[in-house]
Amino acid sequence: MLYIVGTPIGNYKDFSLRAQEILKSVDIVACEDTRVTGLLLSEFQIKSRLTSYHEHNKHSKGESIIEALSSGQSVALVSDAGMPCISDPGYELVRACINNGINVSVIPGPTALSCAIALSGLPSDHFYFEGFLPSEGSERKKRLTALQAFDCMIVLYEAPHRLQKTLGELCEKGFAQRPVAVARELTKKYEEVVRGSLETVALYFEEHKPKGEFVIIIGAGEPITISKDGPSIEERILALYREGLPTKEISAILSKEFNESKRNLYTQVLKVIEFNKK
Ligand code: SAM
């Protein structure tokens with residue numbers, strides 16, 4: 001049997017009794033970093049054998065773990081923190097077990113994603129989890145553009161040294177007025193949630209150097225219309241509105257700029273302005 005075991009995301013008191021029992025009972029604990037998991041296990045007097053299973057050895061190690069499981073040994077899969085398979089290695093091992101007829105069970109634990117959603121106070125009936133954006137280049141641009149299509153809550157993981165860059169680029173992509181909650185150091189001593197429009201939260205982190213681990217929650221909003229060159233329709237609506245132009249005039253100008261009917265644009269102008277007043 002393979003057990004997928006959730007471990008704390010910062011606070012050791014969130015280590016469930018069932019997770020402790022299973023980790024004590026298994027023959028092997030497959031973990032990302034034996035030092036990180038070693039510390040957790042020694043705190044709870046768990047002496048099971050550790051083996052590393054991470055992004056760089058997952059193919060070779062995956063095979064030996066499947067062999068051990070096929071010979072009747074039990075294995076627990078953990079990550080450095082939180083749930084394995086959530087922005088962490090694991091799914092390939094789970095799939096290999098399924099393909100080899102090996103039973104898989106889960107011992108749930110905390111995950112930064114659900115903790116941040118709960119703390120955000122934003123409507124969470126639908127959400128899209130992006131995880132980490134690619135750090136740079138065309139892949140990053142592609143993902144940022146893809147996010148514009150989502151009208152539901154969007155959840156991102158981010159490292160402290162890239163937080164400002166990511167918030168800045170999201171502003172440029174038309175998310176500046178969407179409500180956000182940026183949660184950091186969840187379950188730890190310096191847990192903090194900064195809420196506001198994306199633009200104001202980005203400014204906050206210009207003045208407060210980001211430290212620790214972060215989840216960015218972008219609240220639901222209208223999908224952002226993508227124009228090939230220059231700003232999106234939404235960005236233009238907001239820019240003209242801030243210049244003080246009346247709604248009908250905004251629709252007329254954008255009708256020429258984007259070659260769309262004034263009537264459709266008028267509805268969109270009203271929606272964007274109404275949403276950004278909230
Ligand atoms: N498997 C983990 C989970 O279930 O959430 C995620 C692992 S991923 C490699 C690490 C990222 O998760 C961090 O860079 C951060 O974005 C987020 N994260 C993990 N722990 C966190 C915490 N205590 N507070 C805020 N974000 C956290």
Side-chain angles (χ1 to χ4, degrees), residues 2-16 18-19 22-23 29-37 39-41 43 52-58 76-94 104 106-122 124 127-136 140 143-144 147 153-167 169-170 180-195 198 201-202 204-205 208-218:
L2 174 77
Y3 298 95
I4 307 163
V5 182
T7 57
I9 56 167
N11 191 324
Y12 274 13
K13 288 184 182 163
D14 296 332
F15 197 19
S16 79
R18 197 153 83 91
I22 291 291
L23 290 173
V29 176
C31 58
E32 279 185 273
D33 184 331
T34 52
R35 288 163 303 179
V36 174
T37 301
L39 275 178
L40 174 71
L41 298 198
E43 192 72 20
S52 69
Y53 175 78
H54 47 68
E55 210 41 49
H56 307 292
N57 71 359
K58 64 184 179 190
L77 171 70
V78 299
S79 60
D80 281 352
M83 282 302 291
C85 311
I86 304 292
S87 292
D88 267 335
Y91 93 89
E92 281 143 319
L93 187 59
V94 174
V104 185
V106 68
I107 291 81
T111 178
L113 156 76
S114 58
C115 296
I117 291 176
L119 273 176
S120 73
L122 295 167
S124 52
F127 67 85
Y128 168 74
F129 178 57
E130 173 72 15
F132 290 102
L133 286 168
S135 57
E136 55 193 29
R140 182 175 170 90
R143 293 308 313 152
L144 280 163
L147 293 183
M153 171 186 273
I154 300 170
V155 185
L156 299 121
Y157 280 172
E158 196 46 284
H161 62 279
R162 263 198 291 270
L163 185 80
Q164 287 156 301
K165 171 176 157 155
T166 296
L167 293 177
E169 289 179 9
L170 286 166
V180 300
V182 173
R184 82 177 186 98
E185 294 293 88
L186 293 162
T187 76
K188 303 186 203 173
K189 186 173 175 187
Y190 295 107
E191 179 177 283
E192 180 186 26
V193 185
V194 183
R195 302 180 182 86
L198 206 151
V201 171
Y204 175 90
F205 284 107
H208 301 82
K209 189 174 180 321
K211 282 189 197 143
E213 298 192 277
F214 287 86
V215 183
I216 303 171
I217 307 270
I218 305 176

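For ligands, and for the atoms within them, numbers begin at 1 and follow the listed sequence.
Side-chain contact, Y190 with E192: no donor N or O sits under 3.5 Å from an acceptor N or O. Judged by distance alone, the side chains of N57 and S52 do bring a donor and an acceptor atom under 3.5 Å apart. Under 3.5 Å, the side chains of R140 and T166 contain a donor-acceptor pair of N or O atoms.
For ligand 1, the protein residues placed under 4.0 Å by at least one non-hydrogen atom are I9, A81, G82, M83, I86, S87, D88, T111, A112, F132, Y157, E158, E185, L186, K188, E213, F214, V215.
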Kindly list each side-chain donor-acceptor pair under 3.5 angstrom involving residues 5-13, sequence neighbours excluded, with atom names and distances?
unit_1, atom_1, unit_2, atom_2, d
N11, OD1, K13, N, 2.9
N11, ND2, T187, O, 3.4

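Residues R184 and E213 are not paired through a salt bridge, judged by the lack of any N-O separation under 4.0 Å between the basic side chain and the carboxylate.
F129 places a side-chain heavy atom less than 4.5 Å from the side chain of I86.
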